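Please read these numbers as outputs of a predicted model, since none were measured by experiment. By convention in this document, chain letters (A, B, ...) are assigned in the order of the sequence lines, proteins followed by strands, and residues within each chain are numbered from 1.
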Amino acid sequence: MSAPLLIETIQQLVADALEAARQEGVLQLETMPVIQVERPGKSEHGDFATNLPLRLAKATRINPLELAQLLAAHIPTGDIIDRVEAAPPGFVNFYLKESWLQQQVETVRQAGNSFGNVDAGQGRRMMIEFVSVNPTGPVHVGHTRGAVLGSALANVLEAAGYDVTREYYINDAGTQMQAFYRSVLTRYKEALGREAQMPENGYQGDYIIDLAKEIIESEGSRFLDQDEEQAIKEIGDISREKMVAVIGQDLAGIGVEFDNWFSERDLFEAGEYDTAINILRDNDYLSERDEALWFNSTMLGDEKDNVVVRSSGEPTYFASDIAYHYNKFVSRGFDTVVDIWGADHQGHVPRMKSAVQALGIEPDRLTVLISQMVTLRRGDQVVKASKRTGDFVTLKELAEEVGKDACRFFFLARTPATQMEFDLELAKKESSENPVYYVQYAHARNASILKLARERNIDWSTGDVSLLTDPSELELIRSMLRLPELVTQMAATLEPHHLPHYAMDLANAFHGFYENCRVVSSNEEDNAISAARLKLVESAQIVFRRSLEMMGMSAPERM
RNA sequence: GCGCUUGUAGCUCAGCGGAUAGAGCACUGGCUUGCGGAGCCAGGGGUCGUGGGUUCAAAUCCCGCCAAGCGCACCA
């Protein structure tokens, strides 16, 4: 069990004060209220504040300001809290002790790269499944948002103490894949001078032609005179494998990595598809109509029922997704599962939740995060994204044009619920003045100070942090200390988009400190303060590194 | 038509019951001799889409309207 967060300590202080006042009889209260402690927007209002008096005024019939004064009088100061003040119209403001803040520099240095870790997750097993685009073509820009969101969220949850598995679901059993295989075979035949007809739902992109050529290079023309079905099967296996590899490489290019690539086909081979369907049948959620098998999700409040097995006998995508979630929760025993889907799948959410419930799994254990569409522009021109026509900008192109770090920062800073327009020209043009560089520059500056100190053989290990009294020094420390709190919050709400904003604030505090406080000095009388400040710089670097790392961005020493 | 999501500074976006609504970019004006000026400081710019309601308190919660995106298949 790690130490409680600072904000939790404050909450406890308020709770104790409330209890003390009640015992003294100065306060009548039926039930203990929920105590909200927040970070005030203005520094005059202290480091923490609670609005409890305002919320309690009615029940206690005491004037909120008087109530605030009463509470403030019951809160002890000590090593951490310098003073507690009541403020109109009814806040209690907490001010941290300078000596305590200074001491935190040592705490951060000792924590090192584990600074920012909390144990909210307590080792619970969590799966994040994201991207999961059909391996019928390369990943395009539209998928980037979910990819970046998922990878950053996974990092945050790991820092929050969850045992996280990042998974990519390969939809390799459906009709789309058949169309893809046939498209490759067609291009293969064409490349070898044969007449071939592209299937109606075939994929037109040039990458199919390249893929066919690659297959000719490694396999020759041996599929040409093979039985059609056999050729599709063999060429299909090769194509799928190559496509999955390309997708993996492209995603790795923007720092998105997976712990596991899960194949849809395995669900059928391992019999989990049958098991899941049988559970639904046993629980009376299935019925046959029009020669198809339906999942009666209206029984669970859905708008309409959904087909699980087509009249042709083929299972739908939904059916294998049910089996997949059975696999996640039951076979592999994940405590909670997060799916990240694009907005075009939002209609699928209620029935997926229903299906999970029908399998006998508490539906709250599944959270589906929807990331809204990204529409692409190049200047005035809207770029249409269709994999089938091959008219799209790939993730790889985007990464090459804009850069991995800027790309991640850009997508990460926005809440997934807002639809966004991405102007490629603008992104490229602005990349040199992108906020991402503001953060990285602060880190590089930080690193170069330490480098200089080492070059001059300065030993700062005995630095006395109590010399750090400049407002900008204390501001920087305060900013650093917000990280663990932020990690807790982001993990609870599954909202990593706060991270870039925090990093900006931290960078701002660092630049402010840099302007006001000379760190490395050639004056001998500055040696003591210099050593103290080097400790601060060192601890700030830890926090920069942790923040950038969670965002999946690089922390350059030089730019 | 119904459902989900979104409308905050010129632009891109945070904030999602509390104390004078924030940041970056853009704009205006400052920062000379020392750790990286990709920086710092100051300033202008907002009836938080709109009309009601709830509350001591609403950008934030509820309802209507307007606008945008997505969905409403025996596609995935």
No-hydrogen, no-angle side-chain donor-acceptor test under 3.5 Å, Y438(A) and N508(A): yes
Applying a 4.0 Å non-hydrogen cut-off, can you work out what A292(A) is touching in the nucleic acid: base, sugar-phosphate, or nothing? base
Decide whether N171(A) and Q176(A) meet the rule of one side-chain donor and one side-chain acceptor closer than 3.5 Å. no
Salt bridge or not for K535(A) and E538(A), using N-O below 4.0 Å? no
Which nucleotide sits closest to the side chain of Q346(A): G34(B), A76(B), C70(B)? C70(B)
Is it true that the side chains of E85(A) and N93(A) contain a donor and an acceptor less than 3.5 Å apart? no
What integer distance in Å separates L369(A):CG from C70(B):P? 20 Å
Which is true for K58(A) with a 4.0 Å heavy-atom rule: it touches a base, it touches only sugar-phosphate, or it touches nothing? sugar-phosphate
So, do H325(A) and L366(A) sit near enough that their side-chain heavy atoms are less than 4.5 Å apart? yes
Give a yes or no on whether a salt bridge exists between D470(A) and R533(A), defined as a side-chain N under 4.0 angstrom from a carboxylate O. no
Need one value for E557(A): base, sugar-phosphate or nothing, where a base atom within 4.0 Å counts as base even if backbone is also close, heavy atoms only. base
Closest listed nucleotide, where the reference is the side chain of I449(A) and the choices are G39(B), C35(B), A14(B): C35(B)
Using Watson-Crick and G-U wobble pairs with both distances under 3.5 Å, what is the 5'-to-3' dot-bracket string of RNA chain B, with [ ] for crossing pairs and | for pairs outside the strand? (((((((..((((....[...)))).(((((.......))))).....(((((..]....))))))))))))....
Could you tell me how far apart L67(A) (CG) and A57(B) (P) are, to the nearest whole angstrom? 18 Å
What is the separation between atom CD on Q419(A) and atom C1' on U6(B), rounded to the nearest whole Å? 5 Å
Determine the contact category for H501(A): base if any of its heavy atoms lies under 4.0 Å from a base atom, sugar-phosphate if only primed atoms, P, OP1 or OP2 are that close, otherwise nothing. sugar-phosphate
How is R454(A) classified with respect to the nucleic acid when contacts are heavy atoms under 4.0 Å: base, sugar-phosphate, or nothing? nothing
Using a 4.0 Å heavy-atom cut-off, does H497(A) contact any base of the nucleic acid, only the sugar-phosphate backbone, or nothing at all? sugar-phosphate
Classify the nucleic acid contact of T175(A) as base, sugar-phosphate or nothing, counting any heavy atom under 4.0 Å across all strands shown. sugar-phosphate
Consider the side chain of Y438(A), meaning its heavy atoms from C-beta on, and name the nucleotide among G37(B), U12(B), G39(B) that approaches it most closely. G39(B)
Using a 4.0 Å heavy-atom cut-off, does D290(A) contact any base of the nucleic acid, only the sugar-phosphate backbone, or nothing at all? base
Decide whether Y324(A) and E167(A) meet the rule of one side-chain donor and one side-chain acceptor closer than 3.5 Å. yes
